[in-house]
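Written below as structure tokens is the structure these notes are about.
Values reported hereafter were calculated over all heavy atoms of this structure, with side chains retained and with hydrogens, waters and symmetry mates removed.
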Amino acid sequence: MTNPAASDLIARSNRLGADPANTNYAGGNTSAKGTETDPVTGEPVELLWVKGSGGDLGTLTEQGLAVLRLDRMRALANVYPGVDREDEMVAAFDYCLHGKGGAAPSIDTAMHGLVDAAHVDHLHPDAGIAIATAADGEALTPTIFGEKVVWVPWRRPGFQLGLDIAAIKEQNPAAIGCVLGGHGITAWGDTSEDAEANSLWIIETAQAYLDANGKAEPFGAVRAGFESLPEAERRAKAAALAPTIRGIASTDKPMVGHFTDAAVVLDFLASANAPRLAELGTSCPDHFLRTKVKPMLLDLPADASVEASLARLAELHEAYRADYQAYYDAHATDESPAIRGADPLIVLVPGVGMYSFGANKQTARVAGEFYVNAINVMRGAESVSTYAPISDAEKFRIEYWALEEAKLQRMPKPKTHQGRIALVTGAASGIGKAIAVRLAAEGACVIVADLDLEKAQAAAAELGSTDVAIGVAANVADADAIQAAFDAAVLAFGGVDLVVNNAGLSLSKPLLETTEKDWDLQHDVMAKGSFLVSKAAAKILIEQKLGGDVIYISSKNSVFAGPNNIAYSATKADQAHQVRLLAVELGEHGVRVNGINPDGVVRGSGIFASGWGANRAATYGVDEQDLGKFYAQRTILKREVVPENVADAVYVLTGPELSRTTGLHIPVDSGVAAAFLR
């Protein structure tokens, strides 16, 4: 059973972490001290429960806590070798752990263990960081808080900072917490309720001071021509720019994107001081570890054309990379980790919004949220003083910290499709849904495109949150509808890497009963639809310069002459040849185009359920419920083909193993000799 002190800690952490005014996602840490019975001696032992490395307060559970023996943790002060070797103390925490399991102790563990208080909170509230990053922050602290809060000059998190705060607590008996210069706040209390109340008092008092004393326009006047574009125009321009911007952010390694045109971002970008403040970069370590030390800001007005914006973004990217390399070279030592990439993680476009990037969608979204935090911090600091973040040298010491590098190296190996964005048509059911499920399971972000929006959204929700998948409407026979679907895709995830032409329908009729309307419908959805989808996809893939995959779910019938399906088989043959044609045309851009020829996929198939199954069963003289078994018995392997078998083929074709394969058709039919490719 959870110790009462730990239970109180988890509840307090969840409450504090649920409100972004208190701390950013995965930012800050909390702790509690209490007594347990040592299972070895049967005697009471004092323990420290502290949020572990990398956890999030809002979703913290018992498994996210590190548990240490308090006497051993505090005894480390006796062997502390000094600030020049303080990183060694992190490894020493392992010798203080109590029991098995739990999270790895974070760099801030010393702060929690050494401070003489039963409960300690370290948070990153925007209002608190605004004071912490103000040029006059030290003078403002007693003005705002009196004797209850003490200023702590910037110091990189670690054992020495823990000793410093412990000394401040001892020397200032009236204090309930402190402002950490350039960083955040720390508060404490004798009970969990006291610590929480003290944390909230500091945050609310800081915000009240900013509200009451801050100037009306901390970012300066609005720059003429840099105001927000009307929504429709803004979103259209955002979608047009997104693929190229994602390519910029992915020059060193593929990234997933997130876009926001929130008012807080647009107002900042329209302001006179935005260029100066953006150049200063972020300050709180949690911020710049997610956003890089500074963003890339387009220096053109909102009404600049897409073409002019793209040209200027390319120039700015070259300058950004050179600047970041210079930053690395200026501060790196022989012991520094290798440069991790010189591309921006935040790209700001006046009048349009902010693009943020990360290894996956959640990381990209959180990076954007952190830059919004940074905007709020800059606003607060500028309203009562001047924004003065920590130096580039100090930022580098954290960004390329050996401990930070070790944390990155401990991260699990990415799945095969992590960082890839897949759009699958006809994905609300059957083969398309199975493909979407498989790609999401392999780490891809998925756009479930279907004629029925409600079903598309429901299928996407089954895959996970909107960080994993979204559902969009897509009538593949309508070029405007397809463009809208791709616009939604690039605004949701930054771009598209992998497109599966799966949408289709089937009409089973002999030649003399096939009408012109039947023929046109069949070809509009599959031949024309695949053409339109591939054309829209190719534009994005070429602009991104990241290569990519286009997959056609064709059919055994593209090469097999079966009875009573002239319209269906002819359009499948059309799709099959599109594969060959596009493989040749798009190869120079690194785009692979391949096809899959399934047969007899009855189970879970929307096509078979809509009448095709009954027609084919009648054609072959079997009961419809036995159609799958019938198809299986006529194959070489005598095994029924199911949607997941087709999804497996998509996975293999788009994975790393067949990276040199294009223009190929893979049969997934359990072996139909008449459909062998010759």
Side-chain angles (χ1 to χ4, degrees), residues 416-417 420-427 430-432 434-436 438-439 442 444 446 476 496-504 526-527 529-538 540-542 544 546-562 568-601 635-637 639 641-678:
T416 57
H417 286 60
R420 306 204 74 197
I421 302 157
L423 186 148
V424 185
T425 65
I431 291 174
I435 293 169
R438 181 62 191 273
L439 293 176
E442 301 300 336
V446 179
V476 296
V496 172
D497 302 298
L498 192 167
V499 174
V500 182
N501 277 307
N502 169 74
M526 294 199 294
S530 296
F531 155 71
L532 291 175
V533 169
S534 296
K535 182 178 180 181
I540 294 171
L541 295 172
I542 292 169
Q544 288 178 153
L546 298 174
D549 287 279
V550 179
I551 299 291
Y552 280 68
I553 306 302
S554 184
S555 170
K556 171 263 303 182
N557 287 348
S558 66
V559 293
F560 172 73
Y568 176 80
S569 293
T571 199
K572 284 299 182 182
D574 187 316
Q575 285 185 312
H577 199 46
Q578 285 185 37
V579 169
R580 303 180 186 97
L581 295 168
L582 296 186
V584 172
E585 183 171 343
L586 298 180
E588 67 177 289
H589 303 289
V591 178
R592 302 179 299 158
V593 186
N594 293 290
I596 297 170
N597 289 347
D599 181 45
V601 184
T635 69
I636 295 169
L637 297 177
R639 300 181 68 185
V641 179
V642 296
E644 289 72 20
N645 301 139
V646 183
D648 290 343
V650 173
Y651 160 71
V652 172
L653 276 173
T654 58
E657 289 84 1
L658 295 183
S659 63
R660 302 298 187 271
T661 299
T662 192
L664 174 70
H665 281 278
I666 294 182
V668 182
D669 57 9
S670 285
V672 177
F676 281 177
L677 300 174
R678 300 176 178 84

### Message
Between Q578 and S530, do the side chains contain a donor N or O and an acceptor N or O under 3.5 Å apart?
### Response
no

### Query
Looking at side-chain heavy atoms only, is the closest gap between D497 and D549 below 4.5 Å?
no

### Where L498 and R420 come nearest, the two heavy atoms and their spacing
CD1-NH1, 3.8 Å

### Query
Which of these passes side-chain contact (heavy atoms from CB on, under 4.5 Å) with N597: V668, L677, D669?
L677

### Query
For the atom pair OG (S558) and CD1 (I596), what is the distance rounded to the nearest 0.5 Å?
12.0 Å

#### Entry: Derivation of the side-chain hydrogen bond (donor to acceptor under 3.5 Å, both in side chains) call for H665 and S554
CA-CA 9 Å; H665 281 278; S554 184; 5.1 Å; no

### Message
Once rounded to the nearest 0.5 Å, what's the spacing between atom OG1 of T416 and atom OH of Y651?
### Response
4.0 Å

### Step-by-step side-chain contact (heavy atoms from CB on, under 4.5 Å) determination, L532 to V476
CA-CA 7 Å; L532 291 175; V476 296; over 6 Å; no

### Task
Please report the closest heavy-atom contact between T425 and N502, naming both atoms and the distance.
OG1-N, 2.9 Å

### Steps toward side-chain contact (heavy atoms from CB on, under 4.5 Å) verdict (N594, T661)
CA-CA 8 Å; N594 293 290; T661 299; 3.9 Å; yes

### Task
Take T654 and I551 through the side-chain contact (heavy atoms from CB on, under 4.5 Å) test and state the conclusion after the steps.
CA-CA 8 Å; T654 58; I551 299 291; 3.8 Å; yes

### Message
Taking the side chain as everything from C-beta on, heavy atoms only, tell me whether Y568 gets closer than 4.5 Å to N557.
### Response
yes

### Query
Checking side-chain contact (heavy atoms from CB on, under 4.5 Å) for the pair I431/I435: CA distance, chi angles, key distance, verdict?
CA-CA 6 Å; I431 291 174; I435 293 169; 3.7 Å; yes

### Message
So does G671 get a backbone contact from the side chain of K556, meaning a donor-acceptor N/O pair under 3.5 Å?
### Response
no

## Note on the structure
Scanning both residues in full, the closest heavy-atom pair of G595 with L653 reads O-CD1, 4.0 Å

### Query
Hey, what do you get for CZ (R592) to CG (L586), rounding to the nearest 0.5 Å?
13.0 Å

### Task
For residues N501 and V550, determine if any side-chain heavy atom of one lies less than 4.5 Å from a side-chain heavy atom of the other.
yes

### Message
Using a 6.0 Å cut-off, check whether atom CD of E585 has over 12 heavy atoms from anything other than its own residue.
### Response
no

### Contact summary for A422 and L439, nearest pair of heavy atoms
CB-CD1, 3.7 Å

### Message
If you define the side chain from C-beta out and look only at heavy atoms, does anything of Y552 sit under 4.5 Å from V533?
### Response
no

### Query
Can you name the closest pair of heavy atoms from A583 and T662 and give their distance?
CB-OG1, 3.5 Å

### Message
In the structure I gave you, are the side-chain heavy atoms of P667 and V672 within less than 4.5 Å of one another anywhere?
### Response
no

### Shortest non-hydrogen contact from V499 toward A537
CG2-CB, 3.5 Å

## Note on the structure
CZ of R438 to CD of E644, rounded to nearest 0.5 Å, is 10.0 Å

